[in-house]
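Below is one structure, written out as C-alpha cells, with a few remarks after it.
Below, each value reflects all heavy atoms present in this structure, side chains not excepted, and no hydrogens, waters or symmetry copies.
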Amino acid sequence: MVAVTGASGYIGAWLVKLLLEKGYTVRATVRNPNDTQKTAHLRSLPNAETNLSFHKAELLDEGAFGEVFEGVDGVFHMASPFPMAAPEDPEADLIAPAVKGAESAIKAAAGTKKPIKRVVLTSSTAAVRIKQIAPGKAFEEDDWSDEERMRNFKIWYPLSKTLAEKRAWELAKELNVDLVTVNPSMVTGPIIQPSLNTSSNELLKYLDGSVKAYPNSCMVWVDVRDVALAHLIAYEHPDAAGRLFAAPHEISYKELTDFLAKEYPNAPVPRVCADPEGEKNNPPPRNPCSVVKLEKLGLQFRPVWQSFHETLESLKEKGLYTPA
Ligand SMILES: NC(=O)c1ccc[n+]([C@@H]2O[C@H](COP(=O)([O-])OP(=O)(O)OC[C@H]3O[C@@H](n4cnc5c(N)ncnc54)[C@H](OP(=O)(O)O)[C@@H]3O)[C@@H](O)[C@H]2O)c1
C-alpha cells in the first residue's frame, strides 16, 4: 500500500493510474475528498473502486500526513502549488505550502509505527536550472538553482521547489528517511483531470493568440506518462537514489511554434521572435539535463512531438481547446 499526495493533479492522476494498474492499493490525498470535480476522474480509473481511497490533507496544516501515512509501505509526495499566474503573496501562496508540505511529508514518514520503505518526492528541474552555466554544458545532479538570482528576478515557483527539495533532503538525512527525488522538466502529454493545468497551458498559450512573439530560448519537456513511470522506478528500483532528472527533450520556442503552426495552420501561432536580433546573432543556448540515471534504471523516454500532438488531442476532447 502506498500514499500519493496531490493525487488529483495532472501528474498525480497518471501516477495513481499506473499504481492501480500495477496492483498497488493507493491512499490518495486531496484537499477535499467530497469535491467530485477533483476526484471523479480518479474514481473512474480501472481498479479504483477496490484499491483507491481518499484522504483529506492540506499542505499548510500542521501534521498534514500523520494519519494517512500510518500503515503504508511507501509515499509519493507530489502535492505542491504550480499556479498559472504569478502569486500575489509568493511567501504565503507558494513557498510556505511547498516547504511546509515537504517537511510534513518527511516528518510523517519518519514517525510511522510501520517503517516506510521509501519516500519519492516530486521536485522539478526548476530546482536545478535557474543558475548561470556555460553554454552547451549539461545540468548534473549537484546543480541547484541560485536562490539569490530567483529572489532578484522574482522567479517564485522555482524558488518554492528549490527550498522544498533542499528542506526535504536536510530532514531526510536527519531523520534517516530513504528519500529519492524525481525532477521533471516541463511536463506534456494527455490529461486525465477535467481542468487545464499549468504545463499544458504552456503549449496552449502559443495556439490561442495569447502570446504574440516567441522567446529566443529553449524549454525542456518530458511526457507525463514517463514522469509517472519515473516515480514508480524511483520507488521500486533498489538502485534508485538521489535526484533523478526526467528531462529528456530540449526544444527551442522556434521549433515548438513551427510544429504548432504546422499542426494547426489556422491557429494564431506566433511567427516572430520577441528578440529578432538575438535570434539572428545568438541562437538560444542549449543546456540539456543529464537523464542518464533514469535511463540506466530502465526508462526509455517517449519522443516529444507525439506527446505534444496527444496533449492537444486530449485538450480538444475535454473541451479545453477548440481550434480556429
Ligand atoms: N507539470 C509540470 O510541468 C511539472 C514539472 C516539474 C515538477 N512538477 C511538480 O509536479 C507536482 C504536480 O504538478 P502538476 O503539474 O500535476 O500540477 P497540478 O495539476 O496543479 O497538481 C498539483 C497538486 O498539488 C495539490 N496542492 C496544491 N496546493 C496544495 C495545498 N496547499 N494543499 C494540498 N494540496 C495542494 C493540488 O491540489 P488541488 O487540486 O486541490 O489544487 C494538486 O493535486 C508538483 O509538485 C509540481 O511542482 C510539475
Separation between OG1 (Thr198) and NZ (Lys205), nearest 0.5 Å, reads 9.5 Å

Residue pair Gly23 / Asn51: nearest heavy atoms and the distance that separates them:
O-ND2, 4.3 Å

Regarding Glu91 and Arg151, does a basic nitrogen lie under 4.0 Å from an acidic carboxylate oxygen?
yes

Taking the side chain as everything from C-beta on, heavy atoms only, tell me whether Asn197 gets closer than 4.5 Å to Val187.
no

Under the side chain to side chain contact (heavy atoms under 4.5 Å, CB included) rule, what do Lys318 and Ile191 come out as? Steps first, then yes or no, please.
CA-CA 9 Å; Lys318 307 251 176 205; Ile191 69 169; 4.0 Å; yes

Measuring only between side-chain heavy atoms, which start at C-beta, is Trp14 closer than 4.5 Å to Pro190?
yes

Does any part of the side chain of Phe308, heavy atoms only, come nearer than 4.5 Å to the side chain of His249, both counted from C-beta?
no

In Å, rounded to the nearest 0.5 Å, how long is the span from NZ of Lys166 to CD of Glu147?
4.5 Å

Measuring from Leu203:CG to Trp221:CH2, what's the distance to the nearest 0.5 Å?
5.0 Å

Modelled atom types, side-chain donor and acceptor of Thr188 and Ser307, under 3.5 Å
no

Please check: side-chain N/O of Lys56 versus main-chain N/O of Asn32, any donor-acceptor pairing under 3.5 Å?
no

Residues Ile130 and Pro158: closest non-hydrogen pair is CG1-CB, 3.8 Å

Taking the side chain as every heavy atom from C-beta outward, state whether Asp239 and Lys296 have any atom pair closer than 4.5 Å.
no

Between Asp258 and Lys254 (salt bridge meaning N to carboxylate O under 4.0 Å), is one present in this structure?
yes

Are the side chain of Lys107 and the backbone of Leu175 linked by a donor-acceptor contact shorter than 3.5 Å?
no

Can a donor-acceptor pair be found, under 3.5 Å and without considering hydrogens, that links the side chain of Asp93 to the backbone of Asp89?
yes

Side chains of Ser252 and Arg286: does their closest heavy-atom pair fall under 4.5 Å?
yes

Are Asp178 and Arg118 within salt-bridge range, i.e. N to O under 4.0 Å?
yes

Tell me whether Lys100 is salt-bridged to Glu103, with the criterion being a basic N under 4.0 Å from an acidic carboxylate O.
no

Is there a donor-acceptor pair closer than 3.5 Å between any side-chain N or O of Lys131 and the backbone N or O of Arg149?
no

Please walk me through it: do Glu148 and Asn152 pass side chain to side chain contact (heavy atoms under 4.5 Å, CB included)?
CA-CA 6 Å; Glu148 202 184 314; Asn152 287 345; 4.1 Å; yes

Test of understanding: with side-chain contact (heavy atoms from CB on, under 4.5 Å), list the residues that count as partners of Ala105, not counting sequence neighbours.
Phe65, Phe69, His77

Check whether Trp169 forms a cation-pi arrangement with Arg243 (NZ or CZ under 6.0 Å from the six-membered ring centre, at most 45° off the ring normal).
no

Taking only residues two or more places apart in sequence or in another chain, which ones pass side-chain contact (heavy atoms from CB on, under 4.5 Å) with Asp226?
Val222, Asp223, Leu299, Phe301, Arg302

Of all heavy-atom pairs linking Tyr10 and Ser200, the shortest is CZ-OG, 4.1 Å

Short N-O contact, Lys17 and Glu21, less than 4.0 angstrom:
yes

Side chains of Met78 and Ile11: does their closest heavy-atom pair fall under 4.5 Å?
yes

State whether a side-chain donor-acceptor pair under 3.5 Å links Glu263 with His309.
yes

Report yes or no: does Ser145 contribute a side-chain atom to a donor-acceptor pair with the main-chain N or O of Ala126 at less than 3.5 Å?
yes

Without hydrogens or angle criteria, can the side chains of Glu279 and Tyr253 be said to hold a donor-acceptor pair below 3.5 Å?
no

Hey, what do you get for OG1 (Thr257) to CD1 (Ile251), rounding to the nearest 0.5 Å?
11.5 Å

Cation-pi geometry met for Lys117 and Tyr235 (6.0 Å, 45°)
yes

Is the shortest heavy-atom distance from the side chain of Val119 to the side chain of Leu179 under 4.5 Å?
yes

Treating Gln193 as the side-chain partner and Ser195 as the backbone partner, does any N or O pair qualify as donor plus acceptor under 3.5 Å?
yes

Are any non-hydrogen side-chain atoms of Val272 and Lys212 less than 4.5 angstrom apart?
no

Would you say the rings of Phe76 and Tyr24 are close, in the sense that their centroids are separated by under 6.0 Å?
no

Tell me every residue that passes side-chain contact (heavy atoms from CB on, under 4.5 Å) with Pro83, counting only those two or more places apart in sequence or in another chain.
Pro81, Leu94

Would you find a donor on one side and an acceptor on the other, under 3.5 Å apart, between the side chain of Ser124 and the backbone of Asn183?
no

For Met84 and Leu196: C-alpha separation, side-chain torsions, deciding distance, then whether side chain to side chain contact (heavy atoms under 4.5 Å, CB included) applies.
CA-CA 10 Å; Met84 279 191 214; Leu196 189 64; 3.9 Å; yes

Side-chain donor or acceptor of Thr311 paired with backbone N/O of Gly189 under 3.5 Å
yes

Give the ring-plane orientation class for Tyr157 versus Phe82, where under 30° counts as parallel, over 60° as perpendicular and anything between as tilted.
parallel

Between the CD atom in Glu140 and the OG atom in Ser290, the distance rounded to the nearest 0.5 Å is 4.5 Å

